[in-house]
S.K.: 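Below you'll find the structure I mean.
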Amino acid sequence: MRNSQVAIKINELNKYYGKLCALNNISFEVQRGEFFAFLGPNGAGKTTTINIITGLSNYLSGKVEIFGYDVTKDYLKTRRLVGLCAQEYNFDPFLTTHQLLVYQAGYFSVLPKEASKRADELLERFGLSDKRNVRHRALSGGMKKRLLLCRALIHDPEIIILDEPTAGCDLELKFRIWDYLTQLNKEGKTIFLTTHYMEEAERLCKTIGIINRGRIVRIGNKIDVLRDQSLESVFLEVTGPEKVY
Amino acid sequence: MMMITNTVGVIALSKREIRRFLVVASQTIFPPLVTSLLFMFIFGVAIGKRIDFSGMGLSYLGFIVPGLMTIHLISSSYENTSSSLFIARWHNHIQEVLLAPLSYFEIVLGLLAGGLARGLMVCSGVYLISLLFDVIPIMHPFILVYFAITISVIFSCAGMLGALWAEDFGMLNLWNVYFIVPLVMMGGVFHPMSMLPDIVQKISVFNPLFYLVNGIRYSVTGISDAPVLICAAISAFLSIAFFFFTVYLFKIGYKLRT
């Protein structure tokens, strides 16, 4: 990993779906060790941005770097550095939770013995040890969410990207996930979080970016963004109809 | 990048692909073996005894066994990769692989391992079943390995192409049912070319699967309707072409990346 202090650098990024402009020349940086909230209404471009960072989407123009490595040219390096907790439950239906994590670790060059140990540790940490040998279909929604997190963390990535990680979780689970994410951030992991829960972003993140209709409409550290207002007020102010670009 | 840098990753993906068909062996391995057993009994033994193949120096059973080996090698290789990749697209767990530090070359290799393993397993199984009826010695075992691997590569890659192209389960088997199976059947699985009308014989030389069937038949029996070097060259060319075209589609993210 290059000794860059910038974990994610996006420069003049443009993305179209047919004629629809999904990302309109967006630029921003996420510093190493930052807890960054990326907010926006549905369809604003949050998941598209995440997909481009992780290599799941192509883009028209611009540059995206992870610790100084280009996500297109150096994709083998950037993918080792990122763990994605996706929005949807996209698990291989033929595998048990433990097998799923071991194979996923394997793709990231973790040897089977170490992979199995890590899988057991993560399942234990997220309270899924008793579900070690069942397939994901037998899990509840909250358990699947936790399994998504385990999968994102199995290769011990430097950057953890979370696409609405607590959507659909009960309060207790939400708090447990928050505690765990805070702990990971304290250990030096960079966290990139998208959420529709303003409270979550306000409580966890130090830096906030708001995207609306493919444009960054507000970005900065939490104090500067909020300016004595609640995040909800700021969010509605910058994404409301009167502010449409 | 056409080299393996993430060996552990390729092995993990290969193991997953092989495990996937082994856990449902009753659906993936045994049905073609049962079908072959029936074909051998009905066509090879019951009807075959009435067909005079003495001019070719082998029994009718000896003639159809390499054809059955080829047809099941092709269909097993195709079905394995097409179903695996299509289901991965359908459930979107293809993302597990796309997010990993695996080059597109390595991803195709990993998926290919499943098709290759299943194809070779079924092909060997068909031969072993033929031993229940008659011992057909393999004349050229190394040539057989060459043809079995190249043919399996061609159709494992074809399966991946089908899975990338298909939008639903109906489309997934179109190529197999309307294109591959008819061409294999017309390629001489159950009959020598000399049994067909002149016009069909002339058309058959344009059927690439005719050369693949005859490559396997030559390896097993030493008899072929086409020069074995041409069969080998066509098999090599198609396997390389299909493999690199598949890698190319993964690289551009055809129906994989938005």
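Below, read A as the first sequence line, B as the second, and so on, with proteins coming before strands; counting in each chain starts at 1.
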S.K.: If I compare all heavy atoms of A/F108 with all of B/A100, which pair ends up nearest, and what's the gap?
M.R.: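 Minimum heavy-atom contact is CZ-CA, 3.7 Å.
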S.K.: Just wondering, do B/V24 and A/F94 contact through their side chains at under 4.5 Å, heavy atoms?
M.R.: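 Counting from C-beta outward, A/F94 and B/V24 never come under 4.5 Å.
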S.K.: Please report the C-alpha distance between B/R19 and A/Y103 in whole Å, then the side-chain angles of each, then the deciding distance to 0.1 Å, and finally whether the side-chain contact (heavy atoms from CB on, under 4.5 Å) criterion is met.
M.R.: CA-CA 11 Å; B/R19 185 194 166 280; A/Y103 280 118; 3.2 Å; yes
S.K.: Once rounded to the nearest 0.5 Å, what's the spacing between atom CG of B/L102 and atom OH of A/Y75?
M.R.: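 B/L102 atom CG to A/Y75 atom OH measures 9.0 Å (nearest 0.5 Å).
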S.K.: Using a cut-off of 6.0 Å, state whether more than 12 heavy atoms not belonging to B/F190 lie near its atom CZ.
M.R.: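 Result for CZ/B/F190: enclosed.
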S.K.: Measure across A/N58 and B/R257 and return the closest heavy-atom pair with its distance rounded to 0.1 Å.
M.R.: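 In this case the closest contact between A/N58 and B/R257 is OD1-NE, 2.9 Å.
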S.K.: Are side-chain heavy atoms of B/N6 and A/L76 found at a separation under 4.5 Å?
M.R.: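 B/N6 vs A/L76: side chains apart.
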S.K.: Is there side-chain contact between B/Q95 and A/T54, with at least one heavy-atom pair below 4.5 Å?
M.R.: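 A side-chain contact is absent here, since even the closest heavy-atom pair is not under 4.5 Å.
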S.K.: Atom OH of residue position A/Y89 - does it have more than 12 heavy atoms of other residues, nucleotides or ligands inside 6.0 Å?
M.R.: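 Yes, because the 6.0 Å sphere around OH of A/Y89 holds more than 12 heavy atoms from other groups.
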S.K.: Is atom CZ of B/F169 surrounded by more than 12 heavy atoms (other residues, nucleotides or ligands) closer than 6.0 Å?
M.R.: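 Yes, enclosed.
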S.K.: Examine whether an atom of B/R20 lies under 4.5 Å from a heavy atom of chain A, and if so say whether it belongs to the side chain, the backbone or both; otherwise answer neither.
M.R.: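 Answer is side chain: those atoms of B/R20 sit under 4.5 Å from chain A.
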S.K.: Taking everything shown except A/K144 itself, do over 12 heavy atoms lie less than 6.0 Å from its NZ?
M.R.: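 Yes, NZ of A/K144 has more than 12 neighbouring heavy atoms, counting only those of other groups under 6.0 Å.
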S.K.: Considering only heavy atoms, which portion of A/V82 lies under 4.5 Å from any heavy atom of chain B: side chain, backbone, both, or neither?
M.R.: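 Neither; nothing under 4.5 Å.
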S.K.: Return yes when atom CH2 of B/W165 has more than 12 non-hydrogen atoms of other residues, nucleotides or ligands closer than 6.0 Å, and no otherwise.
M.R.: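 Enclosed: over 12 neighbouring heavy atoms sit under 6.0 Å from CH2 of B/W165.
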S.K.: Measuring from atom CD of A/Q104 to atom CZ of B/R16, what distance do you get when rounded to the nearest 0.5 angstrom?
M.R.: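 So the CD of A/Q104 and the CZ of B/R16 are separated by 9.0 Å.
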S.K.: Between A/A115 and chain B, which part of the residue has a heavy atom less than 4.5 Å away: side chain, backbone, both or neither?
M.R.: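 For A/A115, no heavy atom lies under 4.5 Å from chain B.
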S.K.: Nearest 0.5 Å please: distance from the CD atom of B/E96 over to the CG atom of A/L101.
M.R.: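 Between atom CD of B/E96 and atom CG of A/L101 there are 9.5 Å.
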S.K.: Given a strict heavy-atom distance threshold of 4.5 Å, which part of B/I11 is in contact with chain A: side chain, backbone, both, or neither?
M.R.: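 No part of it gets close to chain A.
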S.K.: Indicate yes or no for a side-chain donor-acceptor contact from A/R79 to the backbone of B/L98 under 3.5 Å, with no hydrogens or angles considered.
M.R.: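 Confirmed, A/R79 side chain pairs with B/L98 backbone.
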S.K.: For A/K117, does the NZ atom sit with more than 12 other heavy atoms under 6.0 Å from it, leaving out its own atoms?
M.R.: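 No.
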S.K.: To the nearest 0.5 angstrom, please state how far the CG atom of B/L99 sits from the OG1 atom of A/T78.
M.R.: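 B/L99 CG to A/T78 OG1: 10.5 Å, rounded to 0.5 Å.
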S.K.: Please determine whether the number of non-hydrogen atoms from other residues, nucleotides or ligands lying under 6.0 Å from atom CD of A/E124 exceeds 12.
M.R.: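 Count not over threshold, so no.
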S.K.: When rounded to the nearest 0.5 angstrom, what distance separates OH in A/Y59 from OG1 in B/T258?
M.R.: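 If I round to the nearest 0.5 Å, the distance is 13.0 Å.
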S.K.: Which bit of A/Y17 comes within less than 4.5 Å of chain B, counting heavy atoms only: side chain, backbone, both or neither?
M.R.: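 The side chain, not the backbone.
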S.K.: Please flag which part of A/L100 lies under 4.5 Å from any non-hydrogen atom of chain B: side chain, backbone, both or neither.
M.R.: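 Only the side chain of A/L100 comes within 4.5 Å of chain B.
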